[in-house]
Each structure stands twice: as C-alpha cells, then as structure tokens.
Amino acid sequence: MFGLVDGNNFYASCERAFKPELQGEPVCVLSNNDGCVIARSQECKDLGIGMGQPIHEVSPALRRRLRIFSANFALYGDLSGRVVSILRDQFARVAVYSIDESFVDFQGIPAEQREQVAAGVRARIRQWVGIPCCVGIGPTKTLAKLANKLAKKTPHGVVTVLPGDAVLEKFPAEDVWGVGRRLTARLGAEGILTAADLSRADPETLRARYGVVLARTQRELQGIACANLEESEPDRKQIVVSRSFGSEVVALDDLQQAVATFSQRACEKLRARSLHANGVWVWCNTNPFKPDAPQYHPSGAMPLITPTSDTREVLRLAQHLVRAMYREGYRYKKAGVGLLDLTHGDHQQGDLFALADPRSKSLMEVMDRANARFGRGALGLASSAWRPRKGALERPLWGMNQTALSGRYTTSWHELAIAR
DNA sequence: TCTGGGGTCCTAGGACCC
DNA sequence: TCTGGGGTCCTAGGACCC
C-alpha cells in the first residue's frame with residue numbers, strides 16, 4: 001500500500017509557520033519577480049484568488065485584504081526537508097516526489113493500523129514543523145493521490161481509497177493524476193467524466209486513442225500498480241536556470257551579467273548532483289506581454305568538447321552565445337541558461353588534444369564550500385558580480401523584484417526567529 | 001507599472017543504415 | 001504489370017506534473 005503525504009497550501013503554510021498571527025488570514029505567495037500567485041491559504045482561495053493569477057490583475061481593494069509574500073524558496077526547501085526526515089523516521093521507504101509531496105510505503109504496517117499511523121505522522125509534522133498536511137492511502141500511486149485530494153476535504157486529513165470504491169463515481173476525471181486540461185476535454189466529449197468512467201472505459205480504445213500514459217493511469221485506477229516507489233531519484237538530463245528580469249534590459253553588458261549569474265547557479269546545481277554537462281544552451285526573450293514592442297527571442301546551443309562541471313568553461317560558451325545572439329534595439333525581459341546531456345563524472349570521454357586543468361576540481365570545491373559556509377554569492381566570478389554602488393551591493397537592473405520577502409528563519413543565523 | 005520556473009515522457013516523421 | 005524489410009537515432013511538438 002502506498003501513502004501520499006502532501007503539505008496543505010505548502011508555501012502559504014510555510015509563511016504561517018513562523019508568523020502565527022497569519023492563522024485565519026488570507027495568505028498568498030507570489031512567483032519569482034512577484035508576478036503570479038503560486039500558493040494560497042484557504043481564506044485566500046475563498047476570496048476568489050486564482051492559482052497562477054497575475055497579482056496585478058487583482059483589484060487594489062482586494063489586494064489590501066491579502067497577506068502577500070514574495071517566494072522564499074530557501075525557507076520552503078528547508079521546511080520540506082524537515083517534513084521528509086519525520087517521514088523517514090516512521091516509514092521504511094520514502095520517495096520524495098516534490099517539495100511538498102512524498103510517497104511512503106505502508107509495508108509491514110497491518111491494514112487496520114494504517115490510518116492510525118498516518119494520523120500520528122500528520123500530527124507530528126504539524127507539531128514539530130508547523131505544517132498541516134494530509135495523507136491519502138491506496139494500492140497504487142494514482143489511487144493514493146486521489147485519496148489525498150479527498151483527504152483535503154476532511155477534518156481528520158486521512159483517507160483510504162480502494163479500486164471500485166463508490167467515491168470514484170463522483171470524482172471528476174480532470175482531478176485524476178495524469179489527466180490534464182487537454183485530455184479532460186477529449187475524454188469529456190466521449191462521456192468519460194469521472195474516475196469510475198475512466199476505470200471502466202474499453203482499454204484497447206483508450207490505448208489507441210490516448211496512448212500508453214493514460215492506459216497506465218486506467219490500470220492504476222483499477223488497482224493494478226504500474227509505478228513503483230522510486231526512492232532514489234533518477235539522474236537529471238538537463239539543468240535549467242532562467243529568470244524574468246525585474247526591469248527590462250537594453251545593454252549587452254547587463255544581459256551578459258545576468259547570463260553569467262544564471263550559468264554560475266546552474267553549475268552549482270550540476271556539481272551538487274555530481275554531474276557533468278556536455279552542452280550549453282542560452283536564450284533570451286523580449287517582453288511577450290508588450291506585443292507592440294519589437295519582439296525577439298533568440299536561442300543558441302553549443303556542445304562542450306569535454307564534459308565539464310567547471311563554471312569557467314560553461315561561462316565561456318554561454319558568453320560567446322549571448323554576444324552572438326544579442327541585437328541592439330530590443331528590450332530584454334528574460335534570459336535562461338541550460339546545461340544539456342548531463343553525464344556522470346566517472347565515465348566520460350576525454351579530449352585527446354586538450355590538457356585538462358588539474359586545478360579545476362579543487363577550485364570549484366573551494367567556491368562551493370565558501371558559498372555553503374558564507375551564503376550563496378559569497379564567492380563567484382567577476383563577470384556575474386552585482387555592481388557595488390556607494391559601497392553596497394545594489395540590485396542590478398535585471399535582478400528580481402522581491403518586495404515582500406520573509407526571513408530565512410531556519411537557514412541563516414542572522415535571521416533566526418526571536419521568541420519573546 | 002505589473003504577467004513564474006523547472007522538469008519528464010511519448011509520439012510521429014524524417015534521415016539514415018544494412 | 002511493377003515498387004523490400006527492418007532497424008536506430010534525432011527532432012519537434014504535445015501533454016503532463018509540481
């Protein structure tokens with residue numbers, strides 16, 4: 001049996017964890033650059049604020065009633081890790097699925113105790129981390145996900161769903177894991193409206209019309225497990241770092257600086273996973289929401305001769321690509337850097353004619369250690385540096401808007417919460 | 001004024017190989 | 001009247017997830 005443990009309105013709950021006065025208040029968290037709403041407390045949903053809604057579309061009067069926060073992923077990531085450590089204490093096998101969701105294995109726990117164990121874990125997470133969560137239990141991941149959605153609507157927060165249960169008759173097909181907007185429309189046209197309908201549909205027809213993905217979903221709804229609990233995450237195939245700019249950028253200099261910063265961050269993520277990149281991809285965009293302004297969205301990629309995780313080498317390519325694609329007369333709003341064809345460092349093809357820099361590995365290790373100890377950005381490459389003005393680092397033109405950022409209560413000594 | 005970021009898998013079609 | 005068969009790799013586009 002699978003369990004799915006999912007933090008309720010996760011980012012909004014994280015903000016509440018350190019600000020108890022936000023209980024009962026309509027809390028919402030914005031995307032990077034303070035653009036769209038990406039998390040809402042129940043009170044916020046009740047006010048009609050939509051998921052993904054641009055915050056500037058919300059009337060000023062309504063906005064004043066909201067408690068709005070800029071995204072604080074350092075905080076959310078840390079609280080997520082604390083939730084997972086509680087799960088690992090309780091369950092032999094845990095598969096972290098996303099920042100706010102983990103699958104757990106109920107093997108070894110008698111059937112009649114499952115819900116009780118789930119309730120206990122839920123209470124512990126609430127007390128120790130301060131995050132409310134719900135648990136869905138089922139014989140397949142798809143049914144556990146479904147059960148979790150139902151659990152959100154109950155006060156006790158734990159629900160078990162078995163194949164053929166009556167609740168499937170009322171569960172909308174669009175809420176089934178793996179059924180998105182497009183499929184919902186096509187299935188609806190055929191009269192497949194609920195999870196039960198989908199479970200009963202003719203398998204051959206389903207497979208032929210919609211492909212193997214939906215065919216698997218159907219079997220999972222029938223209680224036939226098609227996916228296992230994957231405890232170890234498969235290696236990434238690509239790593240992408242991209243951001244919209246706080247303000248539009250015109251000069252090549254600024255664009256290069258942004259791309260250098262993103263490249264550096266991408267390489268840090270790469271090394272954290274002990275991977276090497278075989279190619280670099282860079283792109284930038286003008287503002288698509290200003291159709292009257294001249295539009296330009298170039299992109300370019302280059303292979304690396306030897307797989308690398310050295311920021312300097314990635315940077316050289318990235319900068320070359322930006323210079324080649326840059327055109328004057330455009331106002332750039334977004335840029336991104338991708339590392340492609342990732343491979344493990346231990347089995348790679350060398351370059352017969354190039355001498356590997358023997359210092360590269362140690363240099364990168366020193367940078368990573370310094371940044372781990374003194375905070376991200378403590379040590380970096382000059383091309384990505386934010387320009388100091390009047391002795392202080394000032395947000396560059398392209399830097400993110402974060403007007404309502406909460407503290408890093410659990411990851412920075414300087415920002416520890418103070419109890420009075 | 002203001003509009004997120006980061007992933008995966010599947011499929012179909014074309015190029016190419018023997 | 002007549003046109004082989006079977007395979008891989010790559011890419012673009014579509015769909016989904018959080």
Side-chain angles (χ1 to χ4, degrees), chain A residues 4-11 28-40 49-60 63 68-73 76-77 80 95-103 141-142 145 148-149 173-187 207-217 220 226-227 230 233-248 262 265-266 269-270 273 275 279 281 283 285-291 293 299 301 303 331 333-342 400-404:
Chain A
L4 178 67
V5 184
D6 182 324
N8 302 350
N9 316 323
F10 188 66
Y11 300 161
C28 74
V29 176
L30 303 184
S31 61
N32 275 332
N33 225 16
D34 291 347
C36 304
V37 175
I38 57 169
R40 306 157 295 158
I49 306 296
M51 181 64 178
Q53 189 175 7
I55 191 68
H56 73 261
E57 284 179 3
V58 178
S59 76
R63 231 179 301 171
I68 299 175
F69 292 90
S70 301
N72 184 349
F73 292 108
Y76 313 150
S80 169
V96 176
Y97 177 66
S98 74
I99 194 165
D100 66 332
E101 282 174 68
S102 292
F103 285 101
K141 285 180 160 181
T142 303
K145 281 281 268 190
N148 188 284
K149 283 213 175 181
E174 61 179 306
D175 290 341
V176 172
W177 192 31
V179 179
R181 263 211 342 261
R182 305 289 178 131
L183 283 175
T184 301
R186 289 173 59 195
L187 291 171
R207 165 72 183 85
R209 276 189 205 161
Y210 301 96
V212 301
V213 180
L214 196 64
R216 275 201 287 260
T217 297
E220 289 241 319
C226 300
E230 303 290 349
E233 201 189 340
D235 279 328
R236 286 284 175 80
K237 297 175 177 175
Q238 57 174 43
I239 285 174
V240 174
V241 174
S242 77
R243 292 282 179 279
S244 295
F245 301 151
S247 314
E248 290 171 354
F262 302 164
R265 182 75 194 110
K269 292 182 173 188
L270 185 71
R273 292 171 179 272
L275 293 171
W281 169 45
W283 79 97
N285 275 335
T286 47
N287 191 343
F289 297 103
K290 287 185 179 168
S299 82
R331 304 183 65 80
K333 180 61 179 166
K334 183 175 183 176
V337 173
L339 304 177
L340 311 172
D341 291 327
L342 306 186
M400 274 193 287
N401 291 320
Q402 290 182 305
T403 50

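Each chain gets a letter, A, B and so on, in the order the sequences are listed, and its residues count up from 1. Fair warning: this is a prediction, and the values are worked out from it, not measured in the lab.
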task = Just compare C:dC18, B:dT3, C:dA15 and give me whichever is closest to any side-chain atom of A:Asn287.
result = B:dT3
inquiry  = Measuring from the side chain of A:Phe289 (C-beta onward, heavy atoms only), which nucleotide among C:dC18, B:dT3, B:dC10 has the closest atom?
reply    = B:dT3
ask   = Reckon A:Gln53 touches a base, only the sugar-phosphate, or nothing at all at heavy-atom distances under 4.0 Å?
value = nothing
inquiry  = Is there a side-chain contact between A:Ser98 and the phosphate of C:dC17, meaning an N or O under 4.0 Å from OP1 or OP2?
reply    = no
message = From the set B:dG4, B:dC9, B:dT11, return the single nucleotide nearest to any side-chain atom of A:Arg207.
response = B:dT11
query = C:dC18 and B:dT3: how far apart are their P atoms, nearest whole angstrom?
reply = 25 Å
Candidate nucleotides C:dC18, B:dG5, B:dG6, ranked by approach to the side chain of A:Arg236 - the nearest = B:dG6
query = Choosing from B:dG7, B:dG5, C:dC18, which nucleotide comes nearest the side chain of A:Val240?
reply = B:dG7
request  = Return the nearest nucleotide to the side chain of A:Lys290; candidates are B:dC2, C:dC17, B:dT8.
outcome  = B:dC2
ask   = At their closest point, which heavy atom of A:Glu220 faces which heavy atom of A:Lys141, and how far apart are they?
value = OE1-N, 3.5 Å
inquiry  = Taking the minimum atom-to-atom distance to the side chain of A:Lys145, which one of C:dC17, B:dT11, B:dG6 wins?
reply    = C:dC17
query = Within the structure shown, what part of the strands sits under 4.0 Å from A:Asp34 by heavy-atom distance: base, sugar-phosphate, or nothing?
reply = nothing
message = Heavy-atom nearest nucleotide on DNA chain B for A:Pro54 versus A:Gln238: which residue maps closer to 5'?
response = A:Pro54
query = Where the side chain of A:Leu183 is defined as all heavy atoms beyond and including C-beta, which of B:dT3, C:dC16, B:dG7 is the nearest nucleotide?
reply = C:dC16
remark   = Looking only at B:dT3, C:dA15, B:dT8, the nucleotide nearest the A:Cys36 side chain is B:dT3
key: Geometric class of the A:Tyr11/A:Tyr76 ring pair [parallel <30°, tilted 30-60°, perpendicular >60°]   = parallel
message = Using a 4.0 Å heavy-atom cut-off, does A:Arg216 contact any base of the nucleic acid, only the sugar-phosphate backbone, or nothing at all?
response = sugar-phosphate
message = Heavy atoms only, 4.0 Å cut-off, all strands: where does A:Ile239 land among base, sugar-phosphate and nothing?
response = sugar-phosphate
inquiry  = What is the distance, to the nearest angstrom, from the CD atom on A:Glu230 to the P atom on C:dC17?
reply    = 19 Å
message = Checking base pairs now: Watson-Crick or wobble, both atom distances under 3.5 Å. What partners B:dC18?
response = C:dG5
Closest nucleotide among C:dA15, B:dG5, C:dC17 to the A:Trp177 side chain = C:dC17
query = Does A:Ser242 place a side-chain N or O at less than 4.0 Å from the phosphate oxygens OP1/OP2 of B:dG6?
reply = yes
